[in-house]
**Q** 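Please find one structure pasted underneath; my questions will follow.
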Amino acid sequence: MQPSLRWVCLSILLAGLATAEVNDKEEDDEDDVTDTTEVNNEEQKNYLEVMYQTPVPSGEVFFSETFDDGSLDRWVLSRTMKEDADEDIAKYDGEWKVEELKENKLSGDLGLVLKSTARHHAISSKLKKPFVFDSKPLIVQYEVNFQDGIDCGGAYIKLLSHSSDLNLEEFHDRTAYTIMFGPDKCGEDYKLHFIFRHKNPIIGDYDEKHAKRPEVDLKKFFTDKKTHLYTLILKPDNTYEILLDQIVVSQGSLLEDVIPPLNPPKEIDDPKDKKPIEWDERPKIPDPHAVKPEDWNEGGAAKIEDVDAVKPEGWLDDEPPLVPDPEAQKPKDWNDDMDGEWEAPLVSNPKCETAPGCGEWTPPLIDNPNYKGPWKPPMIENPDYQGIWKPHKIPNPHYFEDLNPFRMTSFSAVGLELWSMTSDIYFDNFIICTEKEVADRWASDSWGLKKLVASANEVCYSSNIFVM
């Protein structure tokens, strides 16, 4: 640890201890049985106290939420049922609360917390006005903290497609959305989703397009119990960026870097075309002119006994590998006439456990060096080889070309529709805007302070400054 940083931690610690001492004295005046150790420990939870004020967005903002007023009045809980789910868990009855962080908290800072395990959760809120994909970028940003880690569950958001009949009380897993973005994990598969629904201009159906996976190890963002910042940027030039803690972890093109491909191929295989029976796909064939040599000798068996092998010392020739289980007892309902003579099941011979082997010893088998095997004619190039058959191509009747996928379906609400096997997943400081500078200022006034406190606490805890 650098000396200057150590002095910072020592200064913070001394200030904390001084505060704790004053608190101890005040408490002693009221109650002589106050445990000063508990007070000290309580004061040492945060080594760095920062001034926090609820961030206020600037610029063109379509949605913002800090939860700092402790209210969920701007949010709507789903009252519906999840389709294709067992009746006892089909209802969206998972609990949500507004709480402060468990660790590295800021005074006055609150967030939305998913509280239930093994339940379906759904909550959503309307935007100030629908976001229409036109000439300005889309920036979506929010914070997540897996306070207890995560076993299986997600913390992604859905931007719900705008429609005149959108009812947030009916929000469920099949509610139409435009974009799904955020972290998800089950087993050892750590994901950061960016999925958008693309409309087929010919048949009108929607397909989900998945952005390529970030080429970074995402595990620590799910396990370190810190608050992380998730940012998605979509630009009118059909490019995207995904940032984690303000660092780009994935970027690409909506036209080229999604699965399945945005635009279908111009041509497809003719489903009516069939491979001719006489089509020859064999690149090599047995030489039809080759003749087996008269002196060909297969060389005996492929495996022979190793004549140089020696029976290991201590081999127990007279002991069988398996013996009747001495503890087995004949079942009371065993009928010799019906079931035959009862015999105890066989178990491994305990005398063989310490010996190199039991029973009749035979030399191990090895490859026969003289073995040639049955004669086969050598392979030669097939003069009639036609290559691997492929069907003819025909024009794709469902072909289209969308050169501007940025112009997605407008959306008018943000929602969380989640299942989790872990509770206390913390969400905070949502913002949807069109300027990166606006999102950065918002992050600086919120997530940036959390990061500062977490870093100070981590450095001071790990610096062993308590050892004098």
Side-chain angles (χ1 to χ4, degrees), residues 54-80 82 91-100 109-116 119-133 138-145 153-183 193 195-197 227 229-232 234 408-420 425-434 438-439 442-443 445-447:
T54 298
V56 178
S58 59
E60 185 178 25
V61 174
F62 289 78
F63 182 82
S64 64
E65 177 63 85
T66 67
F67 304 100
D68 287 350
D69 62 359
S71 171
L72 286 177
D73 290 346
R74 295 172 296 280
W75 293 76
V76 178
L77 291 171
S78 177
R79 306 294 181 186
T80 190
K82 182 179 175 70
K91 190 175 182 180
Y92 283 96
D93 57 358
E95 183 182 10
W96 300 91
K97 284 188 177 180
V98 176
E99 298 177 344
E100 62 181 8
D109 178 44
L110 301 175
L112 177 67
V113 181
L114 179 150
K115 301 297 294 183
S116 308
R119 310 302 298 178
H120 292 290
H121 302 72
I123 192 170
S124 55
S125 182
K126 284 285 186 73
L127 275 60
K128 295 178 181 178
K129 60 180 179 179
F131 184 94
V132 178
F133 293 88
L138 167 68
I139 293 136
V140 181
Q141 185 170 275
Y142 70 108
E143 302 169 13
V144 176
N145 187 320
Y156 45 81
I157 64 173
K158 292 181 177 180
L159 306 181
L160 306 183
S161 301
H162 178 60
S163 68
S164 59
D165 59 352
L166 178 61
N167 181 357
L168 298 187
E169 288 191 350
E170 298 294 322
F171 174 37
H172 56 90
D173 60 319
R174 298 187 182 182
T175 299
Y177 70 88
T178 299
I179 290 173
M180 185 173 121
F181 170 64
H193 293 297
I195 304 170
F196 65 94
R197 295 174 71 245
T227 302
L229 185 71
Y230 295 83
T231 308
L232 172 66
L234 300 184
M408 302 178 191
T409 303
S410 60
F411 62 91
S412 56
V414 57
L416 296 160
E417 188 269 317
L418 305 168
W419 166 274
S420 179
I425 302 175
Y426 176 96
F427 302 85
D428 203 2
N429 296 316
F430 293 84
I431 189 168
I432 298 174
C433 58
T434 59
V438 172
W442 177 265
D445 293 339
S446 51
W447 172 80

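One is the number of the first residue; the rest follow in order along the sequence. Fair warning: this is a prediction, and the values are worked out from it, not measured in the lab.
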**Q** List in chain and number order the residues that pass side chain to side chain donor-acceptor pair (under 3.5 Å) with Arg79, two or more places apart in sequence or in another chain; answer none if no residue qualifies.
**A** none
**Q** Take atom NZ in Lys91; do more than 12 heavy atoms of anything else shown fall under 6.0 Å from it?
**A** no
**Q** So which heavy atom on Leu160 is nearest to which on Ser124, and how close?
**A** CD1-CB, 4.3 Å
**Q** Among residues at least two apart in sequence or on other chains, which ones pass side chain to side chain donor-acceptor pair (under 3.5 Å) with Ser116?
**A** none
**Q** Just so I know, are the side chains of Leu232 and Ile179 near enough to count as touching, which here means a heavy-atom distance under 4.5 Å?
**A** yes
**Q** Is the shortest heavy-atom distance from the side chain of Leu112 to the side chain of Leu72 under 4.5 Å?
**A** yes
**Q** Applying side-chain contact (heavy atoms from CB on, under 4.5 Å), name anything that partners Ala155, two or more places apart in sequence or on another chain.
**A** Val144, Phe146, Pro183, Ile425, Phe427
**Q** Restricting to non-hydrogen atoms, name the atom on Ala413 and the atom on Leu166 that form the minimum distance, rounded to 0.1 Å.
**A** CB-CD2, 4.1 Å
**Q** Minimum heavy-atom separation for His193 to Tyr156, with atom names?
**A** CD2-CD2, 4.1 Å
**Q** Sequence neighbours excluded, which residues qualify as salt bridge (charged side-chain N to carboxylate O under 4.0 Å, His left out) partners of Arg119?
**A** Asp93
**Q** Out of curiosity, Leu77 CG to Phe171 CZ, how far, rounded to the nearest 0.5 Å?
**A** 11.5 Å
**Q** Side chains of Trp96 and Val113: closer than 4.5 Å at any heavy-atom pair?
**A** no
**Q** Could I get the full list of salt bridge (charged side-chain N to carboxylate O under 4.0 Å, His left out) partners for Asp109, not counting sequence neighbours?
**A** Lys450
**Q** Taking all heavy atoms of Met180 and all of Lys158, pick out the closest pair and write down the distance.
**A** SD-CE, 3.9 Å
**Q** Just how far is it from atom CG of Leu159 to atom CG of Leu127, taken to the nearest 0.5 Å?
**A** 8.0 Å
**Q** Residues in side chain to side chain donor-acceptor pair (under 3.5 Å) with Ser125, at least two apart?
**A** none
**Q** Any side-chain heavy atom of Glu170 within less than 4.5 Å of one from Thr175?
**A** no
**Q** Applying ring pair (Phe, Tyr, Trp, His ring centres under 6.0 Å) as the test, list every pair that has at least one member in residues 56-80; sequence neighbours left out.
**A** Phe62-Phe131, Phe63-Trp75, Phe67-Trp75, Trp75-Phe430
**Q** Among residues at least two apart in sequence or on other chains, which ones pass side chain to side chain donor-acceptor pair (under 3.5 Å) with Ser412?
**A** His162
**Q** Find the distance between CD1 (Ile139) and OG1 (Thr231) and round it off to the nearest 0.5 Å.
**A** 9.0 Å
**Q** Is there side-chain contact between Phe133 and Leu234, with heavy atoms separated by less than 4.5 Å?
**A** yes
**Q** Rounded to the nearest 0.5 Å, what separation is found between the CD1 atom of Ile157 and the CG atom of Leu418?
**A** 10.5 Å
**Q** Taking only residues two or more places apart in sequence or in another chain, which ones pass side-chain contact (heavy atoms from CB on, under 4.5 Å) with Thr409?
**A** Ser161, Thr178, Tyr206
**Q** Nearest 0.5 angstrom please: Asn145 CG to Leu229 CG, how far?
**A** 12.5 Å
**Q** If you compare all heavy atoms of Val438 against all heavy atoms of Ser58, which two are closest, and at what distance to 0.1 Å?
**A** CG1-O, 2.9 Å
**Q** Please lay out, stage by stage, how Ser71 and Asp69 fare under the test side-chain hydrogen bond (donor to acceptor under 3.5 Å, both in side chains).
**A** CA-CA 5 Å; Ser71 171; Asp69 62 359; 4.7 Å; no
**Q** Is there a side-chain contact between Trp442 and Val61 (heavy atoms, below 4.5 Å)?
**A** no
**Q** Is there a side chain to side chain contact (heavy atoms under 4.5 Å, CB included) between Leu114 and Ser420 once you walk through the steps?
**A** CA-CA 9 Å; Leu114 179 150; Ser420 179; 4.1 Å; yes
**Q** Going from CD on Glu65 to CD1 on Ile431, what distance comes out if it is rounded to the nearest 0.5 angstrom?
**A** 11.5 Å
**Q** Show me the pairs that pass salt bridge (charged side-chain N to carboxylate O under 4.0 Å, His left out) and involve residues 123-133, at least two apart or across chains.
**A** Glu60-Lys129
**Q** Checking Asp173 now: which residues fulfil side-chain contact (heavy atoms from CB on, under 4.5 Å) with it, not counting sequence neighbours?
**A** Lys82, Tyr92, Glu417
**Q** Would you please name every residue forming a salt bridge (charged side-chain N to carboxylate O under 4.0 Å, His left out) with Glu95, sequence neighbours left out?
**A** Lys97
